[in-house]
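Note that this is a predicted model, so its numbers are computed, not measured. First listed ligand is number 1; within each ligand, the first listed atom is number 1.
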Amino acid sequence: MNDQVVQYLEQNADRFVEELKDFLRIPTVSADPACKPHLQRGAEFVYRQFANLGFKAEIVPTAGHPIVYAEWMQSPGVPTVMVYGHYDVQPADPLDLWTTPPFEPTLRDGCLYARGATDDKGQVFTHIKSAEAWLRTIGKLPVNLKYVIEGEEEVGSRNLDDFLAARKEQLNCDVAVVSDTSQYAPNQPAITYGLRGILAVEITLTGPKKDLHSGVFGGSVANPASGIAKMIASLHDDQGRVQIPGFYDDVIPLSEMERQQFRDLGFDETAFKAELGVAEVAGEVGYSTTERRWARPTCEVNGLFSGYTGVGPKTIVPSKATVKITCRLVPGQDPHKLTEALHQYLKSQCPASLAFEFTSFHGCPAFVFDPNSPYIEAAASAIREAWGVDRVRLIREGGSIPVVQTFKDVLGLDTLLLGWGQNTDNLHSPNEHFSMQDFHRGIRASANLWQKLAEMGQTPVASVPDNLC
Ligand code: BES
Ligand code: ZN
């Protein structure tokens with residue numbers, strides 16, 4: 001890679017971390033209406049990064065949180081790359097489990113701790129700083145770049161599709177790059193070619209119109225907490241299979257070849273159990289842990305609340321019980337169809353004497369990218385150089401990034417999922433962090449990538465990638 005760019009990255013490494021801290025201090029929790037002004041500030045922070053570099057940039061208002069769009073289109077005849085990321089974060093609760101406050105970024109043992117450190121502010125920032133390094137040294141970028149950085153990924157990207165459809169012409173480009181996934185393991189960087197889809201719902205059961213004395217009334221009216229427990233228990237059989245009728249009907253089964261590829265990755269189940277603090281793994285019978293996590297559909301309770309949850313006893317029949325559920329989906333499954341199937345199934349399991357209320361939040365299908373794409377080898381060589389390793393893993397992952405399928409459907413784009421994080425970075429959990437070594441290697445890989453993609457030219461020829469396994 002260009003020496004001046006490399007030197008710039010080295011000389012400015014500490015400042016990049018300080019700027020990332022400024023970004024992480026803004027509590028951009030998209031699910032929390034009280035954070036709305038902070039999401040605006042988050043968008044302004046991202047906007048200023050681009051404006052300062054001479055990008056044509058704008059903050060695009062939406063019905064929800066704003067999208068930041070920025071482009072640098074000054075190199076005719078070279079590929080145009082779209083970078084997507086999100087500046088919103090998950091809620092930081094439970095706050096008491098954080099060693100240092102979630103929005104006071106703190107460096108400990110080479111990692112930066114804060115909500116959003118890895119998911120996704122730290123990873124997004126790598127692609128901004130790589131552009132800065134080229135522009136501040138060489139004065140131009142090897143490729144043309146368009147950035148879409150949104151503020152609603154963690155709540156299902158609900159206003160992004162309209163933006164993409166409305167700007168279809170302007171967003172025309174050759175390939176998309178997203179860093180919002182993980183490496184396979186420490187020092188084992190990976191390119192992710194598949195993600196699971198998702199559907200997210202909430203169900204509330206209501207019994208009496210207010211909480212009642214459980215001695216005076218208990219036994220004479222249905223208890224919503226017991227009702228919801230029965231409903232939840234009906235979601236799986238004792239083989240770990242989801243009981244929603246039709247749930248597996250459209251699942252495209254894993255090929256024997258892919259199952260073998262997963263096995264060849266060499267998964268360490270003992271380390272996995274120790275890391276998570278579980279005595280045993282669990283899940284659908286007949287599948288390995290890797291298959292269960294990356295390529296089998298699931299139905300998970302995310303939250304469950306009812307009645308009195310404070311200290312000591314309280315003798316009531318609660319008025320309401322609520323459960324939040326998400327299903328992870330695999331190729332072939334339709335989020336709309338399965339949301340309706342889940343709705344009907346749970347309704348049929350609800351005791352007749354309780355009122356049933358169903359809310360659907362969001363959904364997106366699974367995503368699988370052709371692992372033989374010529375772009376993959378360009379990305380792999382950029383990563384190998386930055387990490388100083390001789391191979392890059394090709395993996396699937398279990399999380400969801402709703403926009404990648406829309407990129408394919410609406411813009412005809414393939415997406416390179418280049419994750420610089422680790423699954424152990426505590427994303428969505430207390431004490432989220434990002435290794436600063438991974439942060440700097442991510443910037444370096446991104447800076448390399450612009451050059452590698454430029455070398456490929458605009459009409460890449462398909463090739464089978466080397467050094468991938
Ligand atoms: N960065 C994650 C997705 C991810 C994490 C993919 C790890 C692969 C490995 C992303 O920000 C995320 O959490 N997405 C949500 C999407 C949902 C709210 C629609 C998810 O997967 O829960
Ligand atoms: Zn996330």
Discussion item. Does any N or O of ligand 1 fall below 3.5 Å from an N or O anywhere on E397, backbone included?
Written reply: no
Discussion item. From the N, O or S atoms in D119, identify the one nearest to the Zn ion (ligand 2).
Written reply: OD2
Practice prompt. Indicate the ring-plane relationship of F50 and F55, choosing parallel, tilted or perpendicular according to the 30° and 60° boundaries.
Written response: tilted
Practice prompt. State whether R15 and E19 are salt-bridged, where the test is any N-O pair (Lys NZ or Arg NE/NH1/NH2 against Asp/Glu carboxylate O) under 4.0 Å.
Written response: yes
Worksheet item: N/O to N/O below 3.5 Å, does that happen between H86 and ligand 1?
Response: yes
Item to complete: Check H428 and report its N/O/S atom nearest to the Zn ion (ligand 2), by atom name.
Response: NE2
Item to complete: Hey, can you tell me if H127 and W450 have their rings parallel, tilted or perpendicular (30° and 60° cut-offs)?
Response: tilted
Worksheet item: Quick one: nearest non-hydrogen protein atom to atom 14 (N) of ligand 1, plus distance?
Response: S400 O, 2.9 Å
Worksheet, complete the sentence: Logged contact type for H362 with ligand 1, heavy-atom cut-off 4.0 Å, is side chain
Worksheet, complete the sentence: A student comparing R328, R396, R196 should find that the heavy atom closest to atom 21 (O) of ligand 1 comes from R328
Discussion item. For P402, which part has a heavy atom under 4.0 Å from ligand 1: side chain, backbone, both, or neither?
Written reply: side chain
Practice prompt. For ligand 1, note which part of D180 has a heavy atom under 4.0 Å away: side chain, backbone, both or neither.
Written response: both
Discussion item. I need the atoms of ligand 1 closer than 4.0 Å to a non-hydrogen atom of D119, numbered in the order shown.
Written reply: 1 (N), 2 (C), 10 (C), 11 (O), 13 (O)
Worksheet item: Under 4.0 Å between a Lys/Arg side-chain N and an Asp/Glu carboxylate O for E377 and R384?
Response: yes
Response to the item:
Note: L427, heavy atoms under 4.0 Å from ligand 1, region reported as side chain
Worksheet entry | Pairing of K21 and E104 as salt bridge, 4.0 angstrom limit | no
Worksheet item: Nearest protein heavy atom to atom 18 (C) of ligand 1, by residue and atom, and its distance?
Response: E154 O, 3.5 Å
Item to complete: Considering just N/O/S atoms, say which atom of E154 is closest to the Zn ion (ligand 2).
Response: OE2
Worksheet item: What is the nearest protein non-hydrogen atom to atom 10 (C) of ligand 1, stated with its residue, atom name and distance?
Response: E153 OE2, 3.2 Å
Worksheet entry | Interfacing atoms of ligand 1 (cut-off 4.0 Å, heavy-atom, T181) | 6 (C), 8 (C)
Item to complete: Could you check whether the rings of F358 and H343 sit parallel, tilted or perpendicular, using 30° and 60° as the cut-offs?
Response: parallel
Worksheet item: Any donor and acceptor pair, going by atom type alone, linking the side chain of N159 with main-chain N or O of E152 inside 3.5 Å?
Response: no
Practice prompt. Give me the ring orientation class for F439 and F434: parallel if the planes are under 30° apart, tilted from 30 to 60°, perpendicular past 60°.
Written response: perpendicular
Discussion item. Looking at E132 and K129, is any side-chain nitrogen of the basic one under 4.0 Å from a carboxylate oxygen of the acidic one?
Written reply: yes
